[in-house]
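For reference, the structure discussed in these notes is given below.
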4 protein chains.
Amino acid sequence: MNDHSLLSNPGRGKTLAKRKGQKYDQIIDAAVKVIAQNGYHHSQVSKIAKEAGVADGTIYLYFKNKEDILVSLFEEKMGKFIQKIEEELAGESSIEAKLLILITMHLMQLQKDHSLAIVTQLELRQSNIELRNRINEVLKGYLKLIDTIILLGIEKGVFKEDLDVRITRQMIFGTIDEVVTDWVMKEHKYDLVQLCEPVHTMLLNAMRRS
Amino acid sequence: MNDHSLLSNPGRGKTLAKRKGQKYDQIIDAAVKVIAQNGYHHSQVSKIAKEAGVADGTIYLYFKNKEDILVSLFEEKMGKFIQKIEEELAGESSIEAKLLILITMHLMQLQKDHSLAIVTQLELRQSNIELRNRINEVLKGYLKLIDTIILLGIEKGVFKEDLDVRITRQMIFGTIDEVVTDWVMKEHKYDLVQLCEPVHTMLLNAMRRS
Amino acid sequence: MNDHSLLSNPGRGKTLAKRKGQKYDQIIDAAVKVIAQNGYHHSQVSKIAKEAGVADGTIYLYFKNKEDILVSLFEEKMGKFIQKIEEELAGESSIEAKLLILITMHLMQLQKDHSLAIVTQLELRQSNIELRNRINEVLKGYLKLIDTIILLGIEKGVFKEDLDVRITRQMIFGTIDEVVTDWVMKEHKYDLVQLCEPVHTMLLNAMRRS
Amino acid sequence: MNDHSLLSNPGRGKTLAKRKGQKYDQIIDAAVKVIAQNGYHHSQVSKIAKEAGVADGTIYLYFKNKEDILVSLFEEKMGKFIQKIEEELAGESSIEAKLLILITMHLMQLQKDHSLAIVTQLELRQSNIELRNRINEVLKGYLKLIDTIILLGIEKGVFKEDLDVRITRQMIFGTIDEVVTDWVMKEHKYDLVQLCEPVHTMLLNAMRRS
DNA sequence: CATGAATGAGACTTCATTCAT
DNA sequence: TATGAATGAAGTCTCATTCAT
C-alpha cells in the first residue's frame, strides 16, 4: 500500500504539486468534514476549499479534479487503515486472534472517526461507477489482507479445507460492512466495538473445521 | 402487493394518474434499462421517456419527479421479489431449506435480470441520503423475512439460542449482497446461482447449534 | 358596449360554441375566483376548469385560448360595469352629480367584489403587452364615458374652457385607479366608498371654472 | 445613494460579488434594453447576459436570481431618480415651483430614456405580487417626497388645510403615472415634457386654497 | 505557489393545447 | 357537447474548472 505509485500521473499534461505539504492534508481533511456534514452532492469544491482555508484554484494545484480528491481521500485513509491492521496482525500468530484483530480494528477505527465512517459507508458510494472502480482498486489491498488470513487458516487446518476463498472473503467483508453501515444509518446510536465478539464468533463458526 | 390501492394520493396538490396501466409499467421498465445502460447520472428523464415511448411530460403524470421513478422502481420490483420469496417459503417447513430458498431466489432473480441487478447493486446506491432512506423503508420488508427465518430457527432449536438477531441478519444480508455486488462488478462473468450452495453452507455453519 | 361584435371570431378556423349557456359564465366566474386566490401566474387552465366544474378541454369549446378567458372576463365584467354607470348617469343632469356618480359607482362596484378588484387592479396587469392592448380596447368605452362628462362640463361652462381633455381624463382615471389599487394592496383594510366625496371634491377643484 | 455599502450580504448562504463594478452596471443596463425590446416574458437570462457581454453564469455572481435583476434595476434607477429630484427640490423654496419641479423631473427623466419608461410603466408591472411588494418598498421613497410637498403646502397655507394627504398623494402620483403610461402605450408619439404645465396647473387647482 | 472572478454546458419540470373517444 | 390523458417546447440556475494576475 505504501508504494503503489498511483500517486504521480505519468503521461498527463499537467504536473501536480508534490503530494506533500500541509495544504494537501488540509484539503483531504476538509473534504471528509464537508462531505460528512453536507452529503456528497452538496459538497462543492468551493465549500471544501473554504473549509480548508485555501482558494478554489489552489485545490487544482494538489488534485487533478474533484474526483481525485475523493480517491486520494480514500487512498490516504485506507492506506493508514490497512497499515495499522497489518502491524497489529504481525504481532499475533493465532488465526482466531488475527480475525478478531481485523474485525476489531475495522470497527474501532470507524467508531473513532464518525465523519470518516459516514463518508466511507454512505457518501463515497454515491459516486459514479468509474470512481467506484478506482476505490475498489484501493480496497483490494484490504481484501488481500482478508484472503491472507483465510488461506493461512486453511493451511493451518483451523478452517475447512474446502472453503471457497472468494465467497468466504465476501462473507467476512460483507458482514462487517453491513454491520458498520447499519450503525452509521442508525446515527451511531449504539456501541459498535462491542459487536466485535459476536461477529467474530459467527464468522469463525462459518469457517471453522467442524 | 398486487392491489395496494394507491390510486389516489390525497393531501398532495397534484394528483398523479393511477399508478397502474401499461404506461406506468413501460416507464419503470424503461428506467431500469436506461439506468443500467447509462448509469444513474447519465439517465435523463428525456432518455427514459424516449425508451418508454412516451413524451417527457407523460412521465410526470405517473411520477412526482425523477427520484420518484427510482423509488417506485424499487418498490415495484422489490415488492414482487419479496412476494415471490414469501410464496416459496410458505411451501417449505425445514429451516435449512427455507434459508436455501431465500438465497437461491435472491441470486436467481438478479441473475435473471442483469439490468435490474446493476440498478439495485450499483446505481440505486448513488442516490442521496433521503432517497436511500425511502429505499431502506422498502428493504425492511425483506429484512423482516430474514428475521422470521432466524427466529424460527432459534425457536426450533436448529440455530444457537444466543444468536443476536440483528447481527445475524446483517451477516446473511451482507454476505448475499456482497456476493451479488461482486458478481455485478465482475460484469456477470460467472454463474451466480451456483454460489447458492456454498453460501448456504457457510451461513448455516455460522448459525447452527453446534 | 352591448354589440361591439368581438364575440365571434371571423376568419379563424375553429368555431367557438355560442358564448352563452351556463358553462360560459361558470368559467368566467371560476377564473375571477381562481386568479384572485392564486395570482395570475399560478392560475393554470386546469385549475380554472376544476373550479368551474368542467373538463380542461371544455374550456376550449368556449374560449379560444387562455388569454381569451382573461379578455372575455374583462369584457364581460367591464361591460356590465359601464352599462350600470351609463344608466345611473342618464338619470342625472348636473355635471357635478354626474362626476360623483361615476366615482361612486366605480368604487362601489369594486368594493362589492373583492375578487374582481384584485383581478382588475393587480393580476390582469401582469399579462403581456398584447393582452394589455386588448384590455385597453375594452377600457376605451369607460374612458369615453369620462370624456363625455368632461366635454359636457366645458360646454356647460362648469369646467374651464381650456381644459385639455386627454390630460383631464388621465387625471380622473389615474386618480381613481390609484385610489383603488392602494386599497387593494392594503388588503381592503379601510372603507373605499367613503373616499368618494374627497376625491370628487379635489377633481372638481382641478377642473372647475374659477 | 451612491455609496449604500451593500457590499456583503451576511445571512445568506451564498455571497454575491460586490454590487459594484462595471459588470454589475453592464448587466442592469442590458436588462433595461432587453426587457424594453422583448418584453419581460421574452427576456431570458441568456439574452440579458449576451447583451451585457458576459456569460450566463456571471449574472449569478451579481444577482441572486432573475427576479433580483429586476428589483435591483428598479432600486438602482429609482434611487438616482429620487436623488436627482431631491437635489432639485432643495434649491427651490416656493411650493408651486417644487411641485412643478417634481412633475417636470418625473416626465423628463422618462422621456429621456424610452427603454426605462417602457420597463417601469409596463414590464415591471407584469411581475408577481411578491416582487411588486419589493418594488413598492422602493417606491415609498418617492411617495414620501410627494407627501413632504403636500404637508409643506398645507403648513404654508398654500394648500387647503383639510386636504387628505393620502388621497392627494394618490391623485398626484396617479395622474402623473397615467400620463406617462398613456404616452408609452402611444409609443412616445408626442412630447411628454410639454404636458408638465397643464398637469401642474390642474394639480395645483385641486389642492390650492380657494 | 496562490488567488478567485469568470465561464458555459446541461437537465428537470410545467402547463397550454389537442384529439380520440 | 364533453372529456382528460397525452403532448413537447422552453428556460433558470449550478458548479467544476480555468487563467490572468
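All figures in this text were calculated on a predicted structure; none of them were measured in a lab. Letters A, B, ... mirror the listed sequences (proteins, then strands); counts begin at 1. Heavy atoms only: backbone and side chains are in, while hydrogens, waters and symmetry mates are out.
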Practice task
To the nearest Å, give me how far apart CD (Glu67(A)) and C1' (dC15(F)) are.
Solution key: 16 Å
Handout entry: Nucleotide dA10(F), atom P - distance to NZ of Lys66(D) in whole Å
Key = 15 Å
Practice task
Report yes if at least one side-chain N or O of Thr58(A) is closer than 4.0 Å to OP1 or OP2 of dT3(E); otherwise report no.
Solution key: yes
Handout entry: Lys/Arg-Asp/Glu bridge criterion (N-O < 4.0 Å) met for Arg134(A), Glu67(A)
Key = yes
Exercise for the section: Would you kindly check if the NZ (Lys) or CZ (Arg) of Lys66(B) is within the cone defined by 45 degrees around the ring axis of Tyr40(B) and under 6.0 Å from the six-membered ring centre? Expected result: yes
Exercise for the section: Please tell me which of Asp56(A) and Asp56(D) maps to the more 5' nucleotide of DNA chain E, matching each residue to the nucleotide holding its nearest heavy atom. Expected result: Asp56(A)
Handout entry: Spacing of Tyr24(D) atom OH relative to dA5(E) atom P, expressed in whole Å
Key = 17 Å
Practice task
Can you tell me which residue pairs pass the salt bridge (Lys or Arg N to Asp or Glu O under 4.0 Å) test with a partner in residues 28-50 of chain D, sequence neighbours excluded?
Solution key: Asp29(D)-Lys77(D), Lys33(D)-Glu51(D)
Exercise for the section: Answer yes or no: is there a side-chain heavy-atom contact under 4.5 Å between Leu70(C) and Val119(C)? Expected result: no
Problem - Spacing between Ile59(C) atom CD1 and dC15(E) atom C1', to the nearest angstrom - result: 13 Å
Handout entry: Asn65(A) CG - dT18(F) P separation (whole Å)
Key = 9 Å
Practice task
Could you tell me the separation between the CD atom of Gln26(B) and the P atom of dA5(F), rounded to a whole number of Å?
Solution key: 16 Å
Practice task
Report yes if a side-chain nitrogen or oxygen of Tyr62(B) is closer than 4.0 Å to either non-bridging phosphate oxygen (OP1 or OP2) of dA5(F); otherwise report no.
Solution key: no
Problem - Atom-pair distance (CG on Asp68(C); P on dA16(E)), nearest Å - result: 14 Å
Handout entry: Below 4.0 Å: OP1/OP2 of dA2(E) and any side-chain N or O of Lys23(A)
Key = yes
Exercise for the section: Nearest 0.5 Å please: distance from the CD atom of Glu123(C) over to the CG atom of Leu116(C). Expected result: 12.0 Å
Problem - Side-chain donor or acceptor of Asn65(B) paired with backbone N/O of Asp68(B) under 3.5 Å - result: yes
Completion exercise
Between CD1 of Ile69(D) and C1' of dC13(F) the distance, given in whole Å, is 11 Å
Practice task
Flag yes if more than 12 heavy atoms outside His41(D) fall under 6.0 Å of its NE2 atom; otherwise flag no.
Solution key: yes
Completion exercise
Checking dC12(E), dT3(F), dC13(F) against the side chain of Tyr60(B) (C-beta onward), the nearest is dC12(E)
Fill in the blank from the handout: Per the 3.5 Å Watson-Crick/G-U criterion and a run length of at least three, the stems involving DNA chain E are E:2-21 with F:2-21
Practice task
Consider the side chain of Leu61(D), meaning its heavy atoms from C-beta on, and name the nucleotide among dA2(E), dG8(F), dA6(E) that approaches it most closely.
Solution key: dA6(E)
Exercise for the section: Classify the ring geometry between Tyr24(B) and Tyr62(B) as parallel (under 30°), tilted (30 to 60°) or perpendicular (over 60°). Expected result: tilted
Exercise for the section: Compare all side-chain heavy atoms of Ile28(A) with those of Phe63(A) and state whether any distance is below 4.5 angstrom. Expected result: yes
Handout entry: Neighbours of DNA chain E within residues 38-55 of chain B, by heavy-atom distance under 4.0 Å
Key = Gln44(B), Val45(B)
